[in-house]
Undergrad: 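Following this message is one structure expressed as structure tokens.
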Amino acid sequence: MPNYIRNQVYGGTYFFTLVTHNRKPFFSDEASVDILLKAIQQTKIRKPFDLIAYCILFDHLHLLISLPIDDRSFSQILRNIKRITTMDIRELLGKPELIFWQDRFWEHTIRDEEDLLHHFEYIHYNPVKHGYVEDYGDWAWSSFGQYFNVDPSIRKIDSTKFEDKNNSYGE
């Protein structure tokens, strides 16, 4: 197994991609999405962080988080979110041995405001990229509505900047 070196920065801001085991569409129903959102909230209580943006798709999710200035341990946050989600989904489905997540996750350290905006927009564009909706404001399971409320035309995302094949988002 490879020995990954993670870039852990005190007070850092990070983009993450977490993928379900074998890309199974576990988040295709509202109950499973609610379990994940609850796991994120419970984790924030135990290990505080700022959730800047998120998008939950059927087989993966993206998170953009910022750690407190005295913290650099995002792995504990992700481990807790994955643990709570797994336990609760196993109970929901009645499958105590279910493998829910891929072992690893994709992590990108946000470098500056431009990088933050790029990943923020990518997160909200993701449902369009995957063909689930035509307009990113129509996807219910993202933070888009928290920022742009009723009128998605307030903010348009330039999707051409995500066409560069050298950019990887852990999908």
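In this text, all values refer to a predicted model and were calculated from it rather than measured experimentally.
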Undergrad: Determine the minimum heavy-atom distance between Trp139 and Val133, stating which atoms define it.
TA: CE3-CG1, 3.8 Å

Undergrad: Under a 3.5 Å distance rule, please check whether Ser142 uses its side chain to pair with a backbone N or O of Cys55 as donor and acceptor.
TA: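 Not confirmed, Ser142 side chain does not pair with Cys55 backbone.
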
Undergrad: Please round to the nearest 0.5 Å and tell me the distance separating atom CD1 of Ile56 and atom CG of Leu36.
TA: 4.5 Å

Undergrad: Do His60 and Asn126 have a side chain donor and acceptor closer than 3.5 Å?
TA: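 Present: a donor and an acceptor within the cut-off.
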
Undergrad: Are Phe74 and Tyr10 in one and the same hydrophobic cluster, where Ile, Leu, Val, Met, Phe, Trp and Tyr link if side-chain heavy atoms are under 4.5 Å apart?
TA: no

Undergrad: Verify the cluster assignment for Val19 and Phe27: are they in a single hydrophobic cluster under the rule of side-chain heavy atoms below 4.5 Å apart?
TA: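 Not linked; separate clusters.
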
Undergrad: Any side-chain to backbone donor/acceptor pair from Tyr14 onto Val9? Under 3.5 Å, distance only.
TA: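 Pair found, side chain donor or acceptor close to backbone of Val9.
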
Undergrad: Considering residues at least two apart in sequence or located in another chain, which fulfil the side chain to side chain donor-acceptor pair (under 3.5 Å) criterion with Asp34?
TA: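 Counting only residues at least two positions away or on another chain, Asp34 forms no side chain to side chain donor-acceptor pair (under 3.5 Å).
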
Undergrad: Using a distance-only test with no angle check, is there a side-chain donor-acceptor pair under 3.5 angstrom linking Thr20 and Asp59?
TA: no

Undergrad: Would you mind reporting whether Asn80 and Arg46 have side-chain heavy atoms less than 4.5 Å apart?
TA: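 A side-chain contact under 4.5 Å exists here.
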
Undergrad: Could you report the tightest heavy-atom contact between Pro68 and Phe49, atom names first, then the distance?
TA: CD-CA, 4.3 Å

Undergrad: Salt bridge or not between Lys47 and Asp71? Use side-chain N to carboxylate O under 4.0 Å.
TA: yes

Undergrad: Under a 4.5 Å side-chain heavy-atom rule over Ile, Leu, Val, Met, Phe, Trp and Tyr, are Ile99 and Ile35 clustered together?
TA: no

Undergrad: Could you go through His118 and Tyr122, starting from their C-alpha distance and side-chain angles, then the distance that decides it, and tell me whether this counts as ring pair (Phe, Tyr, Trp, His ring centres under 6.0 Å)?
TA: CA-CA 6 Å; His118 179 86; Tyr122 178 78; 7.2 Å; no

Undergrad: Closest heavy-atom contact between Pro25 and Ser28?
TA: O-OG, 3.0 Å

Undergrad: Taking the side chain as every heavy atom from C-beta outward, state whether Phe15 and Asp115 have any atom pair closer than 4.5 Å.
TA: no

Undergrad: Kindly indicate whether the side chain of Ile110, heavy atoms from C-beta on, has any atom under 4.5 Å from the side chain of His119.
TA: yes

Undergrad: Sequence neighbours excluded and cut-off under 3.5 Å, please list the side-chain donor-acceptor pairs for residues 87-98, or say none.
TA:
residue: Asp88; atom: OD2; partner: Lys38; partner atom: NZ; Å: 2.9
residue: Arg90; atom: NE; partner: Pro96; partner atom: O; Å: 3.4
residue: Arg90; atom: NE; partner: Leu98; partner atom: O; Å: 2.8
residue: Arg90; atom: NH2; partner: Leu98; partner atom: O; Å: 2.9

Undergrad: Mind checking whether Ile84 and Trp101 sit in one hydrophobic cluster, side chains of I, L, V, M, F, W, Y counted as touching below 4.5 Å?
TA: no

Undergrad: What heavy-atom pair brings Gln8 and Ser75 nearest, and what distance separates the two atoms?
TA: NE2-OG, 3.7 Å

Undergrad: Going from NZ on Lys129 to CG on Leu57, what distance comes out if it is rounded to the nearest 0.5 angstrom?
TA: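 These two atoms lie 9.5 Å from each other.
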
Undergrad: Verify the distance criterion only: is there a donor paired with an acceptor across the side chains of Thr17 and His62 at less than 3.5 Å?
TA: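 Yes, a side-chain donor-acceptor pair sits under 3.5 Å.
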
Undergrad: Answer yes or no on whether Arg6 is positioned over the face of Phe105, meaning its NZ or CZ is under 6.0 Å from the six-membered ring centre and within 45° of the axis.
TA: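 Positive - Arg6 is close enough to the ring of Phe105 and near enough to its axis.
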
Undergrad: Test your reading of the model: is there a side-chain donor-acceptor pair from Asp50 to the backbone of Ile52, 3.5 Å cut-off?
TA: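 Between the backbone of Ile52 and the side chain of Asp50 there is no qualifying donor-acceptor contact (under 3.5 Å).
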
Undergrad: Does the side chain of Tyr54 reach to within under 4.5 Å of the side chain of Gln146, using non-hydrogen atoms?
TA: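 Contact flag for Tyr54/Gln146 side chains = yes.
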
Undergrad: Step by step, would you call Ser32 with Glu30 a side chain to side chain donor-acceptor pair (under 3.5 Å)?
TA: CA-CA 5 Å; Ser32 297; Glu30 193 169 342; over 6 Å; no

Undergrad: Evaluate Tyr132 against Phe58 for ring pair (Phe, Tyr, Trp, His ring centres under 6.0 Å), listing each step before the verdict.
TA: CA-CA 10 Å; Tyr132 297 140; Phe58 300 140; 4.5 Å; yes

Undergrad: Is there a side-chain contact between Val128 and Asp135 in this structure, where contact means two heavy atoms from C-beta onward sitting under 4.5 Å apart?
TA: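 With C-beta onward as the side chain, the pair stays apart.
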
Undergrad: Honestly curious: do Leu37 and Leu78 fall in one hydrophobic cluster under the side-chain, below-4.5 Å linking rule?
TA: yes

Undergrad: Is the shortest side-chain heavy-atom distance between Ile65 and Leu67 below 4.5 Å?
TA: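 Contact flag for Ile65/Leu67 side chains = yes.
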
Undergrad: Quick one: pull up CD1 in Ile77 and NZ in Lys82 and give me the separation to the nearest 0.5 Å.
TA: 13.5 Å

Undergrad: Is there a side-chain contact between Phe26 and Phe100 in this structure, where contact means two heavy atoms from C-beta onward sitting under 4.5 Å apart?
TA: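 Phe26 vs Phe100: side chains touch.
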
Undergrad: Side chains of Ile40 and Thr85, heavy atoms from C-beta outward: is any pair under 4.5 Å?
TA: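 Ile40 vs Thr85: side chains apart.
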
